[in-house]
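To find a chain, count down the sequence lines: A is the first, B the second, and so on, and within it residues start at 1.
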Amino acid sequence: MKIATWNVNSVRTRAALVADFLAREQPDLLLMQEIKCEAHQFPGDVFEAAGYRAAIVGQKSYNGVAVLSREAVDIRERALPGEAEGSASRYIEVELRDLIVGNLYLPNGNSGGDEGFRAKLDWMGKLHDHAAGLLDADRDFMLAGDYNVCPTDADYAKGALAATDALVRPESRAAFRALIWLGLTDALRALQPTETLYTFWDYQAGAWQRDRGLRIDHALVSPRVSERLESVVVAKGERDKVQPSDHVPVVVVIGG
DNA sequence: ATGGCACGGCAACCGTGA
């Protein structure tokens, strides 16, 4: 099974690029974040032509997540369990062939001062509790998307972020480690432990040309799924296209 | 050098992103 995650930074602006990616990669699932539109504005026809249907949790202007699939999937959740009613559209969870797949867009945490940062940590706590529940239920799962966390200093280029940035603050990293310590595996690092790998390059200051990137898009998998990992690849070429997203896809292949 | 660029909304810039 091939599952890709991609923060597309507006699905309407990126529809043609996404359709091209689908045609080349043929993933079973594409998890998209920051679609930046409501369901009725979603360019579903473009993806239907490529053989994909969509499960959408949309929102006007900001956030929004969607899952594209070739087969029908069961939608398990349309928000992270425990999130406040009417909260931002940051989570959708589907099930395909006994695999639970959560698609997440974690709060950045740099806006809104201390309260904004605390909201990021609260969200990570709810994700932790949800993951713990899935492990208790002995389910196989992947939680993938834009985590907005660089787990270690090896996960961002020198000078790309201040030490006080919410993406690298110790509390953010501790919350990410807490997910790992549940027994989850960072799929990319499991297969490429020492490579310099980034999934985001800012539009500003020639970050792409200077390779000043961040690794903030992650796929965490449950123990049995970690043993089925066949390949995990960063589709870096997507950053070099005309009018690209500032993020690139991470593509995970699971055997068995 | 703490700003640069891109997005949506909505019709001039502004909030947000990372």
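- For the P atom pair drawn from B/dC10 and B/dA6, the interatomic distance equals 23 Å after rounding to whole Å.
- In this structure, the side chain to side chain contact (heavy atoms under 4.5 Å, CB included) partners of A/Glu230, at least two apart in sequence or on a different chain, are A/Val253.
- Side-chain nitrogen and oxygen atoms of A/Arg14 include at least one within less than 4.0 Å of the OP1 or OP2 phosphate oxygen of B/dC7.
- Judged by the 6.0 Å and 45° rule, A/Lys60 forms no cation-pi pair with A/Tyr62.
- The distance between atom CZ of A/Arg212 and atom P of B/dT2, rounded to the nearest whole Å, is 13 Å.
- Nucleotides B/dG4 and B/dC13 have their P atoms positioned 16 Å apart, rounded to a whole Å.
- The ring-ring contact (aromatic ring centres under 6.0 Å, His included) test applied to A/Phe117 returns no partner, not counting sequence neighbours.
- The aromatic rings of A/Trp208 and A/Trp201 stand perpendicular to each other, their planes meeting at an angle above 60°, with 30° marking the opposite boundary.
- Applying the side chain to side chain contact (heavy atoms under 4.5 Å, CB included) test to A/Glu227 and every residue at least two apart in sequence or in another chain returns nothing.
- Two residues, A/Ile216 and A/Gln41, neighbour DNA chain B, and the one matched to the more 5' nucleotide by heavy-atom proximity is A/Gln41.
- Following rounding to the nearest Å, A/Phe117 (CZ) and B/dA18 (P) show an atom-to-atom distance of 15 Å.
- Atoms CZ (A/Phe200) and C1' (B/dC5) sit 10 Å apart, rounded to a whole Å.
- For A/His218, the ring-ring contact (aromatic ring centres under 6.0 Å, His included) partners at least two apart in sequence or on another chain are A/Tyr147, A/Phe176.
- Contact check of residues 155-175 of chain A against DNA chain B (heavy atom, cut-off under 4.0 Å) returns A/Leu167.
- The side chain of A/Gln243 contributes an N or O atom lying less than 4.0 Å from OP1 or OP2 of B/dC7.
- B/dA12 and B/dA18 have their C1' atoms separated by 26 Å, given to the nearest Å.
- When distances run from any side-chain atom of A/Arg210 to the nucleotides B/dG4, B/dC7, B/dG9, the shortest one goes to B/dG4.
- For A/Tyr52, there are no ring-ring contact (aromatic ring centres under 6.0 Å, His included) partners at least two apart in sequence or on another chain.
- Every residue meeting the side chain to side chain contact (heavy atoms under 4.5 Å, CB included) condition with A/Asn63, not counting sequence neighbours, appears here in chain and number order: A/Gln59, A/Ala88, A/Arg90, A/Tyr105.
- The salt bridge (charged side-chain N to carboxylate O under 4.0 Å, His left out) check on A/Glu93 picks up A/Arg76, with sequence neighbours excluded.
- Rounded to whole Å, the separation between the P atoms of B/dG15 and B/dA1 comes to 28 Å.
- Taking the C1' atom of each, B/dG3 and B/dG17 are spaced 15 Å apart, rounded to whole Å.
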Extract from the structure each pairing of a protein N or O with an N or O of nucleotides 13-17 of chain B at less than 3.5 Å, listing the distance.
{"residue": "B/dG17", "atom": "OP2", "partner": "A/Ser111", "partner atom": "OG", "Å": "2.6"}

